[in-house]
Amino acid sequence: MRWLLDIDRRIIFLLVLVLIVLATVLQDRIEFPIVSSSPVDGVYDAIDGLPAGSPVLLSMDYDPASQAELEPMNRAVLRHLFRKDLRITGMTHWPRGLNFVEQVVQSTAREFDDLSVEVRTFDSKKAATDHLALVKTKPDEAAKVKAQLATVNIGRERAEAPIQYEPRLYTLLDEVEKGLAAEPFEQGGKHHVLTVVERKPTKEYGKDYCYLGVRLGAAILIINMGQSLFDAFPADKYGTPTRELAGQGKVLEGVSKLGDFKYLMVVAAGISAEQWIIYGSQKYGFPMGVGCTAVMAPDLYPYLNSKQITGILGGAKGAWEYEAKIRVPDKATSRVPAQTMAHVLVILLVIFCNVAYLMVGRSKPPGAR
Amino acid sequence: MQFFKRTIPIAIALITGAWFAVQYYVPAGWSETSLTKASTWLKILAGFAFALGLYSLCHMHLLRIRRRVPGWGYSLLVYVGLLTALYFGMIGEVRKVFEIAVGPIDTSKGIAWLVFAGWHAFEPGGEGKGYVWLYDHVYNPAQATMFSILAFMIASAAYRTFRARTWEAAVLLVAAGLVMFGRVPLSGLVSDFFPSFADWIMANPQMAAKRGILLGVSLGSIATSLRIIFGIERAYLGGGD
Amino acid sequence: MATLDVPEKKGAPSIGDILFYVVLFNLFLWGSLFAFLHEDGHDLRVNGVFNYEALGVLIATGVTLALYSFLYKDNPFFKAAENLYVGVGLGYELVLVWYSSIKPDLYKPLIRYAVRYELWQEGAIKGQPDFWLLIPLFLGLLLLSRFIPRLSWLSRWAFAFYVGFGAGASIPNVIASNVLQQLKYTLVPIPFDAGFLAAFNTVVILLGVVSVLLYFFFSIEHRGAVGIVSKVGVWFLMICFGASFGYTVMGRMALLVQRVDFLIHGWLRL
Amino acid sequence: MRGLSSHSRALGFGLGLGLGLGLALAPAARAAEPAPLPKPGWFKAFDTPNDAGQKISAEWAGAEDERVEAKYVLSISTRKTGPFAEAFRGPSTTSLKVEDTATFGPWTGGDAKAHHVAVSPLATYRTQTLAALALDDGPKANATATVAMLLRLPKRLQWLHLFGKETLDRARRTLADAKVKRVADLEAEGVQDVEKDLAAIILDRPFYVTLEVVEGERREPVGDVQEARARDNAFNWKKLNNFLAMLFFGGAVLGMIRRARSNPDMYLRRIGGLEAVDEALGRATEMGKPVLFAHGLETMANISTIAAVNVLGEVTKRVAKFDTKMICVNNDPVVFAVSQETVKEAYLHAGRPDAYNADDVIFVAAEQFSYVAAVSGIMMRQQPAANIYMGYFYAESLLLAETGASTGAIQIAGTDSYTQLPFFITTCDYTLMGEELYAASAYLSRNPMLLGSLKGQDIGKAALMAIVLVGTLLSTVGIEWVTKLIEVYT
C-alpha cells in the first residue's frame with residue numbers, strides 16, 4: 001500500500017503526457033458545454049458598449065512563454081475590437097513579445113480584408129480537387145470555368161449568427177493569398193472551391209490600428225504615458241512619429257495621453273496587469289479590462305471586486321468563454337478538451353493519493369517525499 | 001576611505017530615497033520630470049550592469065572549457081548560442097558602422113553578401129530574418145517548453161503534497177479540490193453549485209486572505225524602504241553595521 | 001570553484017537510461033522522416049530555395065524533446081539544450097538591452113552627438129545633446145569598476161542610487177494601491193438589508209482580513225484570544241492557497257497542450 | 001451567395017433610419033419658447049490646484065432655471081481685450097464643483113450649486129496661431145521662449161537669441177509665419193517637443209477668462225473679465241491622506257527603532273522558516289554538500305529583492321561560520337553585482353575573507369526560463385543539501401521547488417509574491433509568507449534596530465485592524481466620513 005504514496009513522479013508525468021497526447025489527437029471529436037462567467041461578461045460588455053471609432057489601447061504584455069494561455073484570448077479580444085470598428089493602439093511592455101505580438105495584431109487585422117472570391121461548385125470532391133490542382137498549375141485555364149462572384153469578409157462574417165458558412169470555410173480562406181484557391185469544402189452536398197481574386201484590406205495601419213512596439217520601464221513607462229504618450233513612445237515600431245499618428249483621421253486622433261483612451265485592455269502575464277491598474281487606471285483614470293494567465297487571475301479579483309477593472313479573462317477558460325461570446329471558436333475552444341481531461345486527472349490523483357494515505361494511516365512525517 | 005566606501009553611498013541612498021518618496025505628492029512639472037529622468041537612468045544602469053553578468057557567465061564557461069572539467073563540451077554550446085544570437089541581432093548595426101567607416105558596401109555578392117545580406121538579411125528596425133528565425137525556432141520553443149514542464153510539476157506536486165496530514169493541510173486540500181472541480185467545464189453539468197461555489201471561494205475567503213497578506217506586505221515593504229533610506233539596513237552595500 | 005567541478009555521475013548508465021536515450025533519439029529521427037515524407041508534410045524546398053522554416057521546425061522539435069527529457073533524469077540531451085538555450089537567451093537579452101535601452105536612451109540623445117560630431121554640425125542630426133545623461137553614464141562606469149578589484153567598492157554608489165530610488169518611489173505607491181485602496185474596499189457597510197448572503201460575505205471578508213493581519217503580528221505571543229483569531233487567520237490562508245493552487249492547474253495544463261499541439265500538428269503535420 | 005454581404009446593407013439601412021430620425025427631431029427641439037437665460041451671481045478665475053501649472057480654473061455660482069439647452073461658455077485670451085478663444089462649452093446643468101473630485105479631491109467646498117471647470121490653454125491654443133498665443137504683451141521670457149520654440153532650439157539656449165544679428169533675423173522671419181502657423185502645423189512639420197515648450201510659455205503667464213451663458217443665438221456675459229495664472233503647485237492636496245499615512249507608518253517604524261536602541265531585548269514570535277536555516281546549513285555541512293540561494297526574478301529596485309539581499313547577507317555570515325559552500329544564482333545583472341558585494345563583505349565580516357570565492361555567486365542566465373533550466377541543472381548535478389529561495393518569484397517557483405524536492409534537499413522559501421505562495425507552501429519544507437520575508441533579515445541578525453522596525457510594523461497593522469473594524473461599524477450605522485478618509489485620488 002505504501003508504495004502508492006511514494007510512487008515515482010515519472011509515472012505521473014507519463015500519465016499526464018499520454019492523456020494530453022490522446023486528447024490532442026482526438027480534439028475534434030470532443031465537445032464541451034460552455035458556462036459563461038460574469039468576469040468575462042464584464043470585459044465583453046465594456047468593449048461591446050463602446051461607440052465605433054473610440055480609441056482603445058491594447059497592451060499585450062506577454063511573451064511566447066505564456067502564448068498558450070494568452071494568445072487565443074488576445075486574438076479573440078482583437079477580433080472583437082476590430083469588429084466594433086474601434087481605433088486600436090497596440091503596445092507591449094515585454095521586449096520578448098515584440099515581434100510575436102505584432103504578428104498576432106497583423107494577422108487579425110488581415111482577417112478583416114474584403115475578399116472578392118470566385119465560387120465554383122462541383123458535384124464530386126474529385127472534381128473539386130482537380131480544379132484546385134488546375135488553379136495551382138494553369139490559373140488562366142482554371143479561370144475559364146464558370147463561377148459566381150461573392151465577397152467575403154472573414155472577420156465580420158464569422159461574427160454573424162447563424163454564420164453563412166460552416167466555420168471551416170473561414171479558417172480555410174484566412175490564409176489564402178490573392179489568385180489562389182482554398183481547399184474545397186462541402187456544404188449542402190456540393191463541393192465548393194473558392195478562388196480569391198482580390199484581397200482588399202479594410203483595416204488600414206495608422207488609421208484603424210497601430211502598433212507602438214515596446215519600451216522598457218514597466219510602471220515608469222506607464223507613468224510616462226500618462227503624462228504624454230508622445231514622450232513615452234516618440235515613434236511606433238516602424239519609426240512613424242506618434243504625433244503623425246495623432247493627425248486628422250488617424251488612429252491616435254485626439255489622444256495625447258493615457259487618459260484620452262476610452263478603454264484599456266491589458267492582456268498580461270506577470271504583474272504587468274497590476275502595474276497597469278496601480279500606475280495607469282488609478283493614476284490617470286480610465287476604464288480597463290484584464291486578460292491574464294490563470295495564475296494571475298485570483299490576485300486580480302480584489303481589483304474586480306473594487307470596480308477598478310471591468311472584468312477578467314482568466315487563462316484558457318476565459319479565452320474559451322470569450323471565443324464563445326464573440327462566436328468565433330478557435331484555439332482555446334479546440335484545446336479546452338485536452339486541458340479539462342488533464343485537469344480531471346489531477347483531481348483524480350489527489351483523491352486517489354488521499355484514499356491511499358488514509359488507508360496507510362497518518363504515519364508518514366510531513367514534508368516526506 | 002570609510003567616507004567614500006560607506007558614507008557617500010548611504011548619503012546617495014538617503015537623498016534619492018527621500019526625494020522620490022516625496023515626489024509623489026509634488027504635482028509640479030519639474031517633479032514629474034525628475035521621476036521620468038531617474039527611471040530612464042535606472043534602465044541605462046541596468047544596461048551597464050549587463051556587462052558584469054555577461055562577463056561572469058562567459059568567464060565561468062571559459063574556465064570550464066580551459067580546464068576541460070567533465071562536460072566542458074556543453075559550455076561550448078553556450079558560446080555557440082550567444083554568438084549566433086549576437087550576430088543575427090547586431091548585424092544591422094555592424095553594417096551601419098561599416099558603412100560609416102568605409103562607405104557604402106555592395107552586398108549583392110561575395111563575402112559582403114554572406115555576412116550582411118543572404119537569407120538572414122536584416123530588415124528595417126535592425127533585426128534580421130535570421131534573428132527572427134532563431135527566435136521562432138530556438139528561443140521561443142525552449143521557453144515555452146520549460147514553462148510547460150509546469151504542467152507535469154503541478155500534477156506531481158498535487159499528488160505528493162495534497163494529503164490530509166494536519167487540519168490545515170486538510171483545509172487547503174478541500175479548498176483546492178473544490179476550486180479545481182469548479183473550474184472544470186463539466187462541473188457545470190453536475191450542478192451549477194460547483195462553479196459558483198468555486199467563484200465564491202475565490203471572491204470571498206480567498207480574497208480576504210489575499211487582502212490581509214497584501215496589507216501586511218505593504219507595511220513590511222514600507223518598513224524595509226525606510227530602513228534602506230535611513231541607512232539602517234545596508235546589506236546591499238556589503239552589510240557591515 | 002563553485003560550478004566548475006561538477007560531480008558527474010561516474011560509471012556506465014543503466015540499461016533503462018540507454019533504452020531511454022535510444023527511444024528518444026529514434027522518436028526524433030523517425031518522426032522527422034515521417035514529417036517530411038508523408039504527403040501534406042514539410043517540403044525540403046519552397047519555390048526554389050531551401051526551406052529554412054522546416055529546418056527550424058526540426059531544431060525546435062529537437063530542443064523541445066531534449067528539454068522534456070529532463071523529466072526522466074538529467075541527461076546529455078538536456079545538458080546540450082540547456083546550455084544552448086542559456087547562450088541564446090543571453091544573446092537575445094543583450095541585443096534587447098542595446099535596442100530598447102542603451103541605444104534610444106543613451107546613444108541617441110547623448111553619445112551620438114559626440115561620435116557623429118560632423119553630422120551634427122551640418123545639421124543632419126537635429127536637436128541638442130541631453131547632458132543630464134552624463135549622470136547615468138558616470139554611474140554606469142562606476143558599476144564597471146567592479147572589473148578592477150581594488151576599485152570595486154565604487155560600484156556601491158550606483159547600487160545606492162538604484163536601491164534608493166526603488167525604496168523611495170515604492171512607499172507612496174504601495175500606500176495608495178495596497179493600503180488605502182484595499183482598505184477602502186474592505187471597509188464597506190454590512191448590507192443587512194441586501195439579504196443574508198451579501199451580509200455574510202462582507203463579514204467573511206472582514207473576518208479574513210483581520211485574522212490574517214493578526215496572524216502576521218511579530219511582537220505578541222499567539223496564545224489565548226490572539227491565538228484563536230490567528231488560528232482562524234491560518235485557516236483563511238490555507239483556503240486562499242488551496243484555492244489559488246486549484247485555480248492555476250487548468251492554466252498550466254494549457255501550456256503543455258500547446259506544446260503537444262506543436263509536436264503533433266507543427267512537427268508531425270498529422 | 002449574395003447573402004454574403006447582407007450585413008453591410010443592413011448597416012446602411014440602419015444609418016439611413018438614424019439620420020431620418022435625427023432630422024425629424026431637430027425642429028421640434030428648436031420650437032421651444034425662449035425662457036430667460038440663467039444668471040450666475042458671481043464668477044472668478046484662479047490657478048487650478050494640485051496640478052503641474054497647465055490649467056486655469058473658472059468657478060461661478062449656480063443660477064435659477066439652469067437647463068440643458070442653456071450652455072455655459074468659457075473663453076480665454078492672453079490679452080485683457082481679447083481676441084478670446086473658446087475653451088469650454090457645456091450644458092448649464094453640468095460641471096458642478098461638488099462633483100469635480102478629479103480636481104479637488106475631497107475639498108470640493110460647501111456650495112452645492114457652484115460650478116467649476118478647469119480649462120487647458122494648451123488644448124485651446126492648439127487651434128490658434130502662435131502669435132495669438134505668446135507674442136503679444138506677455139513677459140519677455142515668454143516671447144523669447146516662443147522664438148526658441150519656433151527656432152526649434154531647447155529653452156536652455158534661449159539666451160543665445162538675444163545676441164547675434166543673424167539669429168535675430170531668423171527669429172523675425174519665424175515670428176512672421178508665427179502669425180499664420182498653428183501648434184498643429186508645427187507638429188505636422190515634425191517639430192519636436194512643441195507641447196513641452198508651450199507648457200513653459202503657459203506656466204505663470206497671465207490669462208484672461210470670460211464666462212458667457214449661451215442659448216441658441218442669445219449670449220450674455222457673466223461678470224467681467226478675470227485674470228489668472230497657471231502655477232506649478234508644490235503639494236497635491238488630493239494625496240493628503242496618503243501623505244499622512246506615510247508619516248504615521250514612518251513615524252511608528254522610526255520611533256520603534258529609536259526605542260529598540262535603548263531597550264534591545266523585545267519579544268519576537270518564532271518564525272519556523274528562519275529557525276530552520278541553521279538546521280539546513282548544519283545538514284549541508286555534515287553531508288559536505290553546497291547550499292543553493294536563489295533570488296527571485298525582480299530587479300534591484302524591487303523591495304522584495306532588497307529584502308532578499310539582506311537575508312543573503314545574514315545567511316552568508318552563517319555559511320562562513322559553518323564553513324560550508326554556498327552557490328548564489330542570479331538572473332538580474334544588478335542583483336548579481338550587489339549579491340557579489342554582499343557575499344564578499346559577509347565573509348569579510350565573519351573573518352573568513354579567504355573562504356570567499358567570486359565564482360560562487362553566478363549570473364546563470366539572463367532570462368526567466370533559461371534561468372530555470374540552468375538552476376535545475378545545477379540542482380541535479382551538485383545535489384545541494386539545502387535550497388533557499390528568497391525574493392519575488394514568478395512561474396519558476398514551482399519548477400525550482402519541485403526539482404529541488406526531487407533531489408531531497410531541505411527547502412526554505414520566502415516570498416511576498418502571493419501568486420506563488422501556494423506552490424512554495426506545498427512543495428517546500430518551510431515557507432516565509434509575505435511580510436515574514438521582510439522580517440527575515442531582522443530576525444536572523446537580531447539587530448535591535450531592525451527588530452524595532454518589526455514592532456513598528458505591528459503598530460501599523462494594529463492601526464489598520466482598528467480602522468477596518470471601526471470603519472465598518474461606523475459605515476454600517478450610516479456614518480460615511482471614515483470611508484472618505486481612505487479614498488484614493490490621483
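Within every chain, numbering begins at 1; the chains are lettered A, B, ... in the order of the sequence lines, protein sequences first and strands thereafter.
When each of D/Trp237, D/Tyr489, D/Phe249, D/Phe235 is checked for a ring pair (Phe, Tyr, Trp, His ring centres under 6.0 Å) with D/Phe243, only D/Phe235 meets the rule. A side chain to side chain contact (heavy atoms under 4.5 Å, CB included) with D/Phe336 holds for exactly one of D/Val329, D/Asn331, D/Asn330; it is D/Asn330.
A side-chain donor from one of D/Tyr394 and D/Glu298 sits under 3.5 Å from a side-chain acceptor of the other. Donor-acceptor pairing under 3.5 Å is recorded for the side chains of B/Ser31 and B/Gln23.
Note: B/Leu150 leads B/Val26, B/Leu150, B/Ile149 in heavy-atom pairs under 4.5 Å with chain D. Of the listed residues B/Leu172, B/Leu42, B/Leu214, the one with more heavy-atom pairs under 4.5 angstrom with chain D than any other is B/Leu214. Your options are B/Gly29, B/Ala209, B/Ala144, B/Ala21, and the one with the most heavy-atom pairs under 4.5 Å with chain D is B/Gly29. Between chain B and the residues D/Val372, D/Leu240, D/Asn242, the largest count of heavy-atom pairs under 4.5 Å involves D/Asn242. With respect to chain B, the highest number of heavy-atom pairs below 4.5 Å among D/Val334, D/Leu421, D/Val468, D/Leu398 belongs to D/Leu398. The choice from D/Gly53, D/Ser441, D/Ala366 that makes the most heavy-atom pairs within less than 4.5 Å of chain B is D/Ser441. Counting heavy-atom pairs closer than 4.5 Å to chain D, the top residue among B/Tyr139, B/Tyr55, B/Phe152, B/Phe162 is B/Tyr139. Counting heavy-atom pairs closer than 4.5 Å to chain B, the top residue among D/Met246, D/Lys344, D/Met433, D/Lys461 is D/Met246. Note on D/Val309, D/Leu348, D/Asn233, D/Val253: by heavy-atom pairs under 4.5 Å with chain B, the leading option is D/Asn233. Considering only heavy-atom pairs separated by less than 4.5 Å from chain B, the leading option among D/Met300, D/Glu367, D/Met449, D/Arg231 is D/Glu367. When each of B/Gly212, B/Ala169, B/Ser225, B/Gly220 is scored by its heavy-atom pairs under 4.5 Å with chain D, the top score falls to B/Gly220.
Residue contact with chain B, scored on non-hydrogen atoms closer than 4.5 Å, involves the backbone and the side chain of D/Leu399 alike. For D/Gln368, no part lies under 4.5 angstrom from a heavy atom of chain B. Of the two parts of D/Leu464, only the side chain, counted from C-beta on, holds a non-hydrogen atom closer than 4.5 Å to a non-hydrogen atom of chain B. Interface remark: D/Val335 contributes no atoms to any contact with chain B (heavy atom separation under 4.5 Å). For chain B, the nearby part of D/Asn50 is the backbone; its heavy atoms alone come within less than 4.5 Å. Heavy-atom distances place no part of B/Ala142 under 4.5 Å from chain D, backbone and side chain included. D/Asp51 touches chain B through its backbone: at least one of N, CA, C or O sits under 4.5 Å from a heavy atom, while the side chain does not. Both the backbone and the side chain of B/Ser156 come within less than 4.5 Å of a heavy atom of chain D. Using a 4.5 Å cut-off between heavy atoms, D/Leu254 contacts chain B through its side chain alone, with no backbone atom that close. The contact between B/Ile154 and chain D is made by backbone and side chain atoms together, counting heavy-atom distances below 4.5 Å. Both the backbone and the side chain of D/Ala395 come within less than 4.5 Å of a heavy atom in chain B. Contacts between D/Leu312 and chain B at a heavy-atom distance below 4.5 Å are absent for every atom of the residue. Within the 4.5 angstrom heavy-atom criterion, only side-chain atoms of B/Leu226, from C-beta onward, approach chain D.
Figure legend: B/Arg163 and B/Tyr159 shown as a cation-pi pair, the cationic atom lying under 6.0 angstrom from the six-membered ring centre and within 45 degrees of its axis. A cation-pi contact links D/Arg446 to D/Tyr443, judged by a cut-off of 6.0 Å to the six-membered ring centre and 45° from its axis.
Around atom CZ of D/Phe248, more than 12 heavy atoms belonging to other residues, nucleotides or ligands sit under 6.0 Å away. The environment of NZ in D/Lys238 is crowded: more than 12 heavy-atom neighbours from other residues, nucleotides or ligands sit within 6.0 Å.
Remark: side-chain polar atoms of D/Gln457 are not paired, donor with acceptor, to backbone N or O of B/Leu219 under 3.5 angstrom. Between the side chain of B/Thr7 and the backbone N or O of B/Phe4, no donor-acceptor pair lies under 3.5 Å.
B/Phe181 and B/Phe194 have perpendicular rings, their planes meeting at more than 60° on a 0 to 90° scale where under 30° would count as parallel.
Between D/Ala401 and D/Gln411, the closest heavy-atom pair is O-NE2, 2.7 Å.
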Quiz: residues 47-54 of chain B side-chain donor-acceptor pairs under 3.5 angstrom, not counting sequence neighbours:
none

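Residues B/Leu76 and B/Trp72 have side chains in contact (heavy-atom distance under 4.5 Å, counting atoms from C-beta outward).
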